[in-house]
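Quick notes on the structure that follows.
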Amino acid sequence: MTQPVLHLRLEGFEGPLDLLLDLARAQKVDLEKISIVALVDQFLAVLDQARRVRLELAADWLVMAAWLAWLKSRLLVPQDPEEDVDAEALATALTERLAELDRMRLAAAFLGGRQLLGREIFGRGAAENLRVEDRSGLHAELPALLQAYAAARRRALARRPYVPKHRKLWTVQDALARLGGMMGALPGWAVLHRFLPEGLIDPVEQRAALASTLIAALETARGGTIELRQERAFGPILVRRALLAPERMPEERAPEGRTAEGRTAEERVADVRAA
Amino acid sequence: MSEPPDPAPDPALFAHALRIAEALVFASDRPIAAARVQQALPPGVDARAVLTALLAATAGRPVELVEVAGGFAFRTAADLAPALTRVVEVPRRLPRVAMETLAIIAYHQPVTRPEIEEIRGAALSQATLEALLEHGLIAPRGRKEVPGRPSLWGTTPRFLEHFGLQGLSDLPRREELVSEPRPLFQAPEAQVLDAPEVFQAPEARVPGLQDPESPE
Amino acid sequence: MSEPPDPAPDPALFAHALRIAEALVFASDRPIAAARVQQALPPGVDARAVLTALLAATAGRPVELVEVAGGFAFRTAADLAPALTRVVEVPRRLPRVAMETLAIIAYHQPVTRPEIEEIRGAALSQATLEALLEHGLIAPRGRKEVPGRPSLWGTTPRFLEHFGLQGLSDLPRREELVSEPRPLFQAPEAQVLDAPEVFQAPEARVPGLQDPESPE
């Protein structure tokens with residue numbers, strides 16, 4: 001008859017320490033003065049009865065039982081000086097753990113015994129809001145304004161359909177005329193870019209003008225009127241009036257610079273385009 | 001309910017009922033009906049009579065009982081409101097459309113509404129303009145002499161104040177905000193020509209993406 | 001707080017300050033700090049003095065001022081609980097495991113879950129921790145710099161409020177938490193409870209920092 005009761009009892013404990021505390025309290029002495037040996041015996045007895053009811057017991061119960069049995073044997077056998085575990089210290093530690101659990105139980109009981117807000121004591125049910133929000137102000141930040149502008153512009157630009165631009169390209173003829181016209185006033189070496197037409201903004205038009213001017217310069221140099229020079233790859237191309245035989249037109253003479261490599265003007269243009 | 005069985009009940013009982021009623025109204029999260037108060041009172045005491053007494057007792061107190069829709073509640077006396085209310089400033093943000101419109105007016109002023117729509121690439125509601133007007137951030141700047149004579153809009157000194165600007169010239173230049181094509185050889189004489197980069201097109205200058213109507 | 005600038009201020013001014021303080025604390029469902037009350041008072045009136053007077057004035061009223069969780073709040077008188085609970089829906093009590101866990105957190109904070117399990121000698125279910133969190137009684141307090149970096153737990157101001165404590169120092173001292181063989185706590189005079197009175201904290205245990213005039 002007692003067996004099912006015992007079964008239920010063990011279930012009611014929150015682990016072995018809980019049962020130990022209950023047994024220790026049953027000794028009706030100060031927790032500091034409990035008999036660990038008696039406690040161990042009681043614990044093992046309860047566990048033994050429980051096992052008769054059902055064999056399977058949670059591992060932590062069995063581990064605690066084994067440890068307590070070991071502790072009891074150490075406490076009973078005279079201390080071996082070689083032994084590095086102090087059974088007394090372990091027993092004290094166990095007592096202290098039980099005492100702490102007991103204290104926390106009492107603390108829980110203290111809290112449980114308080115009159116609780118919302119159970120026995122009530123606060124103001126409908127709190128009055130004494131805050132008044134003034135929303136007339138404006139949260140204005142310059143970065144937000146600028147972002148808004150950039151975003152609006154970007155969006156508007158992206159939405160606009162692409163219309164190919166009408167281009168005015170600077171022809172080789174134009175370049176030849178401009179080069180010829182400006183050569184006379186040239187005192188020495190000048191950068192080729194000086195011969196580009198003014199007022200070109202569009203980068204494509206600029207590059208087209210550069211290519212036309214280079215072809216015009218190469219053509220004129222072939223005629224011997226001018227000389228071209230380039231110190232290094234992608235360096236500035238320099239132009240000056242030819243010093244020797246201005247009116248001659250030598251077939252094979254190549255001016256200084258990269259034209260000596262024997263490449264055609266069209267290839268040079270291709271180089272410039274690729275750049 | 002029914003008629004109060006005893007118009008003059010036991011004074012001690014009535015006093016206890018008053019205490020219960022006061023605590024109950026205080027603890028209730030919404031105005032409490034007399035019928036509900038009745039449930040908490042000792043038998044033989046009429047809730048209506050108790051609440052009427054409580055109305056009188058709390059009149060003039062810093063927190064008084066008031067009868068509102070649905071029942072009774074405690075309310076802070078009106079005369080204390082100025083001392084108690086704490087005004088918290090919760091500034092609002094301008095909606096995105098308003099912010100964009102304001103930015104466009106700032107950069108393109110004086111500008112008409114159709115022009116703003118053209119620049120934003122989207123229609124502009126009257127409400128947005130009115131909100132900006134109401135905040136005192138923009139003001140009309142006459143009319144443009146084109147058919148329809150649309151109003152011209154510009155920003156106000158208050159706009160500068162709000163955004164912490166000394167003047168409109170404090171705004172970053174437009175080109176710094178929107179990557180629109182920059183001229184390659186703007187000032188040929190100033191360019192250092194042996195720098196090889198001159199001949200290399202920067203990535204940003206991809207032709208297809210350029211603004212068809214170059215601004216500068 | 002500092003010394004009251006004027007120990008005997010103008011009575012009319014003090015009366016007005018009393019009204020303001022009462023209304024301010026009454027309006028809120030959470031404790032109001034003395035410093036907040038001070039902001040609402042006319043200059044030259046010390047909030048502490050006003051609140052002390054208010055504690056005395058409202059003692060015995062159905063809704064009385066109490067000092068709790070570092071502030072002041074109005075609470076219904078304990079003796080009215082039976083009448084109120086008849087009408088107001090009351091929440092269920094926390095189960096024993098939750099109460100024990102809460103006690104361990106209160107006394108050992110900040111504490112990790114493995115440490116709680118070590119003290120209880122049993123595994124702690126996630127549901128228990130979640131219930132305490134949901135009630136707003138505990139809150140994480142960072143992580144412990146040990147392998148696994150477990151969360152540290154501590155109690156909240158709501159914990160103090162819930163149990164009617166002015167501060168953690170209102171909890172019984174650890175030395176006082178001894179069960180048998182000797183009885184621990186003297187039963188406080190007025191408290192009538194079905195819970196064991198022995199656990200009621202006597203007023204004498206209010207630390208020096210706090211107002212000597214205990215609300216209870």
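So you know, we letter chains A, B, ... as the sequences are listed, proteins then strands, and number each from 1. Hydrogens, waters and symmetry mates are skipped; everything else that's a heavy atom, side chains included, is used.
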Check: Considering all heavy atoms of both residues, which atom of Ala23(B) and which atom of Val63(C) are nearest to each other, and what is their separation?
Finding: CA-CG2, 3.9 Å
Margin query: Test salt bridge (Lys or Arg N to Asp or Glu O under 4.0 Å) on Arg113(B) and Glu130(B); report intermediate values, then the result.
Written below: CA-CA 12 Å; Arg113(B) 184 169 152 183; Glu130(B) 274 167 14; over 6 Å; no
Margin query: Could you check whether atom CD of Gln126(B) has more than 12 heavy atoms from other residues, nucleotides or ligands sitting under 6.0 Å from it?
Written below: yes
Next item on the list: Return the minimal non-hydrogen interatomic distance between Pro172(C) and Leu177(C), and the atom names on each side.
Entry: CB-CD2, 4.1 Å
Next item on the list: Can you tell which part of Arg19(C) gets under 4.5 Å to a heavy atom of chain B, answering side chain, backbone, both or neither?
Entry: both
Next item on the list: Establish, yes or no, whether a centroid distance under 6.0 Å links the rings of Phe26(C) and Phe74(C).
Entry: yes
Margin query: Counting only non-hydrogen atoms closer than 4.5 Å, does Leu24(B) touch chain C with its backbone (N, CA, C, O), its side chain (CB onward), both, or neither?
Written below: both
Notebook entry, point to check: Checking Ala77(C) against chain B: side chain, backbone, both or neither under 4.5 Å from a heavy atom?
Noted result: side chain
Item checked: Note: Arg92(B)-Glu134(B) ion pair, threshold 4.0 Å (strictly below) -> no
Next item on the list: Please look at Ile20(C) and chain B and tell me whether the side chain, the backbone, both or neither of the residue comes under 4.5 angstrom of a heavy atom of that chain.
Entry: both
Item checked: Selection from Arg61(C), Gln39(C), Arg75(C), His16(C) maximising heavy-atom pairs under 4.5 Å formed with chain B -> Arg61(C)
Note to self: Is Asp79(C) in contact with chain B via its backbone, its side chain, both, or neither, using a 4.5 Å heavy-atom distance?
What the structure shows: side chain
Check: In terms of heavy-atom proximity below 4.5 Å to chain C, should Leu41(B) be classed as side chain, backbone, both, or neither?
Finding: backbone
